[in-house]
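So that the names make sense, note that chain A is the first sequence line, chain B the second, and so on, each numbered from 1. Note: hydrogens, waters and symmetry copies are ignored here, and every other heavy atom, side chains too, is used.
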Amino acid sequence: MTTDIKITGAGGEYMESVTVVEWVVKPGDPVAAGNVVVVVETAKAATEVEAPIDGILSEIVVNVGAEADIGAVLGRISDGSEPFDTAAEAVAENPALVSVETSPNAQDLPSDVPIEQPANGRILATPLARRIAAELSINLASVNGTGPKGRIKRRDVELVSAEPVASPAGSEQCVLTIPSVPSNVDEYDQFAPGSYEIRPHDSMRKMIAARLAEAKQTIPHFYLKATCDLDSLIRLRTEINTSIPKDADGRSAYKISINDFVIKAHAKALSEVRDANVSWSDSGMIVHHSVDVSVAVAIPGGLITPIIRNANTKPISTISLEMKDLASRAFERQLAPNEYQGGTTSISNLGMFGVEEFAAIINPPQATILAVGAGRRVAVVRDEIVDVATQMTVTLSVDHRAVDGALGAELLQSFRRYIESPLDMLV
Amino acid sequence: MTMQRYAEALNSALREEMARDDTVWLFGEDVSTYGGVFKVSKGLRDEFGPERVLDTPISEQTLTAMAVTAAMTGTRPVLEIMYADFMPLTLDALVNQASIYEYIWADQVQMPFVLRTQGGGGAGAGAQHSKSLDVLVAHVPGIKVVAPATPADAKGLLKAAIRDPHPVVFLEHKLLYNSRDEVPDGDHLCEIGKARTAREGSDVSIFATSKMVHDALKAATELEADGISAEVIDLRTLRPLDNTAIVQSVKKTNHAVVVNEGWRFCGFGAELSATIMEQAFDDLDAPVERLGTFDMPIPYSEPLETSVLPDAEKIAAAARRALR
């Protein structure tokens, strides 16, 4: 049985046709439900189309570069119930005398079935490979299997163990191998059968898992914390927001948020402390010419980091409008890759949940990420008098390979100055 | 060392044991006057007399029962069953008598007899004279099963089998009788239950018995040309199996090919494969490759016969598969 791969109108009614940009898998390759099989481009964004079922890509109907209408069949996935051309090497086991000419080969065939790496989440690895991986604390999900059916063999594990830590290596994009299967299923043994269900990972979940695990394991993080007075900024924000032109219904054309100021302040600080606007690579420091701020946006099932480019030079109102547009499209998973890939720093703000402070994991290949806590009314001591102030605690996570402690502190100091003297951001 | 044919080495073993122990005697079809159809007992009638080297009627079932009772009553008979294909006729005496009497009657009974037979294909002998039925007897606890691949082991193991106080089935191969190799001089004995490293290697272990050892060695030479270092382990004894040697070799190479000339289904390779899985699981870097004779009667036609039997080429291919 085959299942059609279709692009539906659900992504946005404005779409009438799409262009196929890339087939991520080749015909004959196994695909897992929820994994990307084909990338199409609409007028607005590149969209990744996920496999509807586990199986084998049996046919490409629309080739790269060709257009297809919404609802059209782009390709087909076979569930393996019927033979597939390139895999039709199954051998009948009937030892009838008439088959003598071919029969000796039948016993020589390995027990491999034509269908490759199973899509049920199990990692194929030899017992020896598993043992060595366990000894070396290597996650098999990060190992590329070169044996039959993609089976991980000893050589594959040893290759990984022989490699130094994966790094951007001179390229601006951190190239990561995204495992096509979830990590170790042995974890299941910890829970009573029937007490859970398995929800397959979609590509976003896998991307998050792979990138952040790699970041936390390979980037030497250190953390700098600062508490900023917000009262001036809040006053300025109120002034600005009340002066924004209103429409007939009395609604403002836009409304500046605290976060918009945080983006601007962080970008201004980075443009001042340019040595911190860098990315580590083995072959040399990548020194960025522009300050592009990735802002973490929580969306159903994950998060994405749309980018405010050149945030240091943009007016707050522009940042605010861009952010609103990016966030709403991110929510619909409608962002084009260049809208969320390639920032030079990140901001993650959990203040709206009342989180006082936290430390974020760096988003590789960036060197910094600013974790922003909630603004809160606290008692402060000023000129030997206890006063009430609104304060916000931010934590800067820094890649020590690229940015040293003093430099990071300088960046944070600059950020704090902008937050506490917000007019400086506007001039 | 003396260069000897496999059949000559067996003949020496019989002669030496008969001279050493006058309770040893031979019987079977055409073993006496004719000297055995493969000349293994040649000259022994003249040397030891017709009382100790007896020709018998064609009745394998009776002959085996004779061996059992003769062994129980204090002699060491050596019975020749002309073709392994006739082993089914011996099974009642082996399975229901020889293998269990020592157990039932504890120390009151010993069963020191040897049943020699020869099997194997490759001689164009047809479906009734080419089989390897090793597992029919290897399956049964209480019977030792040996299968020498070289003249030296043929001699050493036959002498050990004759001296063994328990029943031993001694499996020869028709295509090995004329093979020549060095045989140690003197009272050469091989321990039953010990495998032999026929060739050292580091990439893949090939476990074989009898003639398949020679095919495995040819395969190893072929593989060497491709830079693959194959180790060949001659198991020599099917029961008791030398698990230690098997596990040691798998731990070294992490890849295993098992070969036995019997049918593959429920064959001896299955036992080897399971043993490796049970005892060396964490050392396996590939599934065990198992070779046996294809699941059908052995054809008389030479090309067809060649195609169903395991050989050097198929062993080399299996080793390459294991190493993918």
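Counting non-hydrogen atoms of neighbouring residues, nucleotides and ligands closer than 6.0 angstrom, the CG atom of A:Leu136 exceeds 12 such neighbours. More than 12 heavy atoms of other residues, nucleotides or ligands lie within 6.0 Å of NE2 in A:His221, so this atom counts as buried by the packing criterion.
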Could you walk me through whether B:Leu284 and A:Leu128 pass side-chain contact (heavy atoms from CB on, under 4.5 Å), step by step? CA-CA 5 Å; B:Leu284 282 177; A:Leu128 181 65; 5.6 Å; no
Given salt bridge (charged side-chain N to carboxylate O under 4.0 Å, His left out), test B:Asp283 with A:Arg131 step by step and report yes or no. CA-CA 8 Å; B:Asp283 290 288; A:Arg131 197 187 82 197; 2.8 Å; yes
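Of the atoms belonging to B:Ala318, not a single heavy atom falls under 4.5 Å from chain A. Using a 4.5 Å cut-off between heavy atoms, B:Ala322 touches chain A through its backbone atoms (N, CA, C, O) alone.
The nearest pair of heavy atoms linking B:Arg324 to A:Lys153 is O-NZ, 2.8 Å.
Considering only heavy-atom pairs separated by less than 4.5 Å from chain A, the leading option among B:Asp285, B:Asn254, B:Asp282, B:Leu323 is B:Asp285.
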